[in-house]
Amino acid sequence: MSLEILLRYVHFISIFAIVGSLVAEHLLLKKTLTRSEIDRLSKVDGVYGLAVLVLLAAGLTLWLGGYGKPTAFYSSNLVFHTKLALFVILGILSIYPTVYFIKNRKGDPNENLSVPKSIFWMLRFELLLLLIIPFLAGLMAKGIGF
């Protein structure tokens, strides 16, 4: 098996992990949560974060390592840069919910906490970005933006 195929596979599987964990976070989120539920959410968020790092590592290796398409194909493609910018925005948006989950998971497991509405909206916006990014990837694979 070539390294390129392995990198593409890891990249693809990490996308599934990102989508799955983000959807799980959204489904588990409620207006009030116990600390044990927040702890569970922080673990799901940890899977999300790990998958993002794996995706980034595999993606950067595919881009800058010269596997598959030449580096210039990606570097001079406006659609690729748009996709990359949305991915960075996705990462920035995920910081606040992650910090909230980490800060509030410790303590009495049965204590109820109100979840700020901004966390709901951030997760929803992240899901929206996850709908747009694969569309851009499809455009990019067809050479649009090059």
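- Put simply, CG on Leu60 and CG on Leu84 are 7.5 Å apart, with the number rounded to the nearest 0.5 Å.
- Across all their heavy atoms, Phe101 and Ser42 have their closest contact at CB-CB, 3.8 Å.
- Inter-residue side-chain proximity for Tyr67 and Ser2 is flagged as unmet; no heavy-atom pair is nearer than 4.5 Å.
- Open room surrounds CZ on Phe12; 12 or fewer heavy atoms of other groups in view lie less than 6.0 Å from it.
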For the pair Asp45 and Glu25, evaluate side chain to side chain contact (heavy atoms under 4.5 Å, CB included) and give the outcome as yes or no after the intermediate values. CA-CA 7 Å; Asp45 193 62; Glu25 276 186 52; 2.8 Å; yes
Under the criterion side chain to side chain contact (heavy atoms under 4.5 Å, CB included), I'd like the reasoning laid out for Asn112 against Leu33: C-alpha separation, chi angles, the key distance, then a yes or no. CA-CA 5 Å; Asn112 286 321; Leu33 294 168; over 6 Å; no
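- Using a 3.5 Å distance cut-off with no hydrogens or angles, the side chains of Tyr48 and Glu126 do pair a donor with an acceptor.
- The NZ atom of Lys69 lies 7.0 Å from the CE atom of Met140; values are rounded to the nearest 0.5 Å.
- The shortest non-hydrogen separation linking Val44 to Ala24 is CG1-CB, 4.0 Å.
- Looking at every heavy atom in both residues, Ser114 comes nearest to Tyr100 through O-OH, 2.9 Å.
- The backbone N or O of Glu111 sits nowhere less than 3.5 Å from a side-chain atom of Thr34 that would complete a donor-acceptor pair.
- Linking ILVMFWY side-chain heavy atoms closer than 4.5 Å, directly or via other members, places Leu129 and Leu139 in a single hydrophobic cluster.
- Under a hydrophobic-cluster definition in which Ile, Leu, Val, Met, Phe, Trp and Tyr are linked whenever side-chain heavy atoms come within less than 4.5 Å, directly or via other members, Ile38 and Val99 are assigned to different clusters.
- Using cut-offs of 30° and 60° on the angle between ring planes, the pair Tyr74 and Phe80 is tilted.
- Once rounded to the nearest 0.5 Å, the distance linking CZ of Arg40 with CG of Leu28 reads 7.0 Å.
- The two residues Ala51 and Ser14 have their closest heavy-atom pair at O-CB, 3.6 Å.
- Looking at His11 and Leu55, their side chains come closer than 4.5 Å, going by heavy atoms from C-beta outward.
- Residues Leu22 and Leu53 fall into different hydrophobic clusters, defined by Ile, Leu, Val, Met, Phe, Trp and Tyr side chains chained together at heavy-atom separations under 4.5 Å.
- For the atom pair CZ (Arg8) and CD1 (Ile13), the distance works out to 14.5 Å, reported to the nearest 0.5 Å.
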Under the side chain to side chain contact (heavy atoms under 4.5 Å, CB included) rule, what do Leu128 and Ile132 come out as? Steps first, then yes or no, please. CA-CA 7 Å; Leu128 176 64; Ile132 297 169; 4.3 Å; yes
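- Side-chain N or O atoms of His81 include one that pairs as donor or acceptor with a backbone N or O of Ser75 at under 3.5 Å.
- In terms of heavy atoms, Met122 sits closest to Pro97 at SD-CD, 3.9 Å.
- Side-chain contact check for Leu127 versus Leu131: every heavy-atom pair is 4.5 Å or farther apart.
- Between Asp39 and Arg35, none of the side-chain N atoms (NZ, or NE/NH1/NH2) sits under 4.0 Å from a carboxylate O, so this pair counts as no salt bridge.
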Side chain to side chain contact (heavy atoms under 4.5 Å, CB included) evaluation trace for Phe87 with Leu56: CA-CA 9 Å; Phe87 184 74; Leu56 187 61; 3.8 Å; yes
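- The cluster map of Ile, Leu, Val, Met, Phe, Trp and Tyr, joined by side-chain heavy atoms under 4.5 Å apart, puts Leu29 and Leu27 in the same cluster.
- With hydrophobic clusters built from ILVMFWY side chains whose heavy atoms lie under 4.5 angstrom apart, Leu123 does not share a cluster with Val88.
- Residue Ile144 comes nearest to Val79 through the heavy atom pair O-CG2, 3.4 Å, listed as atom of the first residue, atom of the second, then distance.
- A distance of 5.0 Å separates CG in Leu7 from CG in Leu62, rounded to the nearest 0.5 Å.
- Interatomic distance, Lys103 NZ to Leu113 CG, rounded to the nearest 0.5 Å: 13.5 Å.
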